[in-house]
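To start, the structure under review is shown below, and the notes come after it.
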Amino acid sequence: MLILSVIVTNLVIAAAEQDTSAQYCDKATKSCGNGDEVSYDKKLIFYDVNPPEGFNLRRDVYMRFAIMLAEAQKQGKDNWELVLPPWYNLYHWRSGRRDPTPWNKYFDIKSLKSYSPVVEMYEIFSKTKKKQLEIDVLYMLENYEDPFENGVFNDKWEVQGSCEYEGLYWGYNNITAKEVLCVKFQGKISKLWELIALHPHATKIMFTHGEIPLHDTYGTKSYWDCRKSMKFNKNLVRIAKDYIEQYLNCKTNKCATYLSVHWRRQDFARSRGNQVPSIAGTAKQIRKTMKKLPNINKVFIATDASMSEINKLEKALNEYGYETHFFLPSPSIIEEYGDGGIAIIDQIISSHAAHFIGTHESTFTYRIQEEREILGFDSSTTFNRLCPDTGHCERSTKWLIVN
Ligand SMILES: Nc1nc2c(ncn2[C@@H]2O[C@H](COP(=O)(O)OP(=O)(O)O)[C@@H](O)[C@H]2O)c(=O)[nH]1
Ligand SMILES: *[C@@H]1O[C@H](CO)[C@@H](O)[C@H](O)[C@H]1NC(C)=O
Ligand SMILES: [Mg+2]
């Protein structure tokens, strides 16, 4: 507590100091009028995530940083902004290479900003006078080899010394870092303020491996306030709602007309074979649930399965007599939104179903479950999972909303 308050004091002092690097000019405040070199009045936090991590874990990492900044802001530390890391080269997004994609393609930025001081990379670029964007300090976070030293997990960090960044800077070749430091880190994300305080004059700080710091508290009101602000881009919502109306016969938020299933395949089917069902096993489990929903005959499947797997499941469900739907995007939707947008549309459609069955330990499923909590569905319709064909089937954990 004492240490923290010292740090907070340091930060306040640091904030009061003028930034002399003068790389920014703020159009909004018109402080750029006659070409004077005027500083952007906010300090910036950048982060990236372990490259193989998917979209939905990245959404959780975002929440950790967004909450960290929102909480700091509540305590009067309002001179920091979080730069939204453009989406680039995601492992699961295979339908063609795309340029680094801003967050507004997928999310409602106004809504994100209503919770936390966030800014898009292109907004920062547009205020950068130099040809390069220079990060002052880049902290490369690393796990401790033994997180449970003497049997206990303590929050801690340790600067290891300077090292080399070999990452991609979100796909940009005009970003550099003046200083790169390797840091062993474990524990709550708010401890990053201690690292930040080591460089009180730095105005642009970046963290790699943003997935290493943990939520200060998981599932609390701040968590849900942040989560609620993560609204999707309105166009994606409209596409999903049009689909629901046209094919699933529902015009309201809480639909009574269909069951939805998140059927995660690909790497899950390959490397977690004992946790996910076979195709025939999936169809059987869907039938078992459908028997308890006598008024419903429509099934919506969100999936990353191959076309041949999709056809097999569809055939099995049709044989049981169910009307089966998959969202098949038009070429123009693929072109405009890519795999990321299609995945979001699948999530939105799944969120509105009368009843949902997810895939165990999939963050894609978790985000759908949260959406359903926000929509106000009974938790018994939400926290359900596909079980393996044989063996033990652990129940889904219920992460209930806190309003
Ligand atoms: N369109 C679509 N894509 C999916 C679906 N399930 C998984 N994916 C893709 O696979 C990725 C899985 O990574 P991630 O989001 O981290 O979720 P997790 O790996 O299931 O925890 C997603 O981001 C999507 O790109 C699905 O039901 N529909
Ligand atoms: C860096 O490159 C990107 C992509 O070409 C461009 O949009 C951006 O404005 C550039 N940034 C700076 C600071 O010049
Ligand atoms: Mg993943």
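For ligands, and for the atoms within them, numbers begin at 1 and follow the listed sequence. Only this structure's heavy atoms are used, side chains among them; waters, hydrogens and symmetry mates stay out. What you see is a predicted model, and the numbers here were worked out from it, not measured in a lab.
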Could you walk me through whether Glu71 and Lys188 pass the salt bridge (Lys or Arg N to Asp or Glu O under 4.0 Å) check?
-> CA-CA 13 Å; Glu71 291 296 316; Lys188 297 183 177 73; over 6 Å; no

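- The distance criterion of under 3.5 Å between nitrogen or oxygen atoms is not met by Gln132 with respect to ligand 2.
- Polar contact check, Glu53 against ligand 1: no nitrogen or oxygen pair lies under 3.5 Å apart.
- From the protein, the heavy atom lying nearest to atom 7 (O) of ligand 2 is Phe125 CD1, 4.3 Å.
- Every N/O-N/O distance between Asp267 and ligand 1 stays at or above 3.5 Å.
- Under 4.0 angstrom from ligand 1, the non-hydrogen atoms of Trp93 all belong to its side chain.
- Atom CZ of Arg270 has more than 12 heavy atoms from other residues, nucleotides or ligands within 6.0 Å.
- For ligand 1 and Asp304, the ligand atoms under 4.0 Å from any heavy atom of the residue are 4 (C), 5 (C), 6 (N), 7 (C), 8 (N), 26 (C), 27 (O).
- In this structure, Thr303 is part of the shell of residues with a heavy atom less than 4.0 angstrom from ligand 1.
- Atoms of ligand 1 found under 4.0 Å from any heavy atom of His92 (numbered from 1 in listed order, with element): 10 (O), 11 (C), 12 (C), 13 (O), 25 (O).
- Between Phe300 and Tyr243, the two ring planes are perpendicular [angle over 60°; tilted spans 30° to 60°].
- Between Tyr139 and Phe207, the ring planes lie parallel to each other; the angle is under 30°, not in the 30° to 60° tilted range.
- Counting heavy atoms under 4.0 Å from ligand 1, residue Arg264 touches it through the side chain alone.
- Atoms of ligand 2 found under 4.0 Å from any heavy atom of Lys130, numbered from 1 in the order shown, are 13 (C).
- Lys204 forms no cation-pi arrangement with Phe46, by the criterion of a distance under 6.0 Å to the ring centre and an angle within 45° of the ring axis.
- For atom 14 (O) of ligand 2, the closest heavy atom belonging to the protein is Lys131 O, 3.3 Å.
- Taking Lys254 as the reference, Phe377 meet the side chain to side chain contact (heavy atoms under 4.5 Å, CB included) condition, with sequence neighbours excluded.
- In terms of protein heavy-atom proximity, atom 11 (N) of ligand 2 is nearest to Asn174 ND2, 3.0 Å.
- With ligand atoms numbered from 1 in the order given, ligand 1 contributes 14 (P), 16 (O), 17 (O), 18 (P), 20 (O), 21 (O) to contacts under 4.0 Å with heavy atoms of Thr363.
- Ring-plane geometry between Phe107 and Phe232 is classed as parallel, the angle between the planes falling under 30 degrees on a 0 to 90 degree scale with a further cut at 60.
- For atom 2 (C) of ligand 1, the nearest non-hydrogen atom from the set Asp346, Leu57, Val261 belongs to Asp346.
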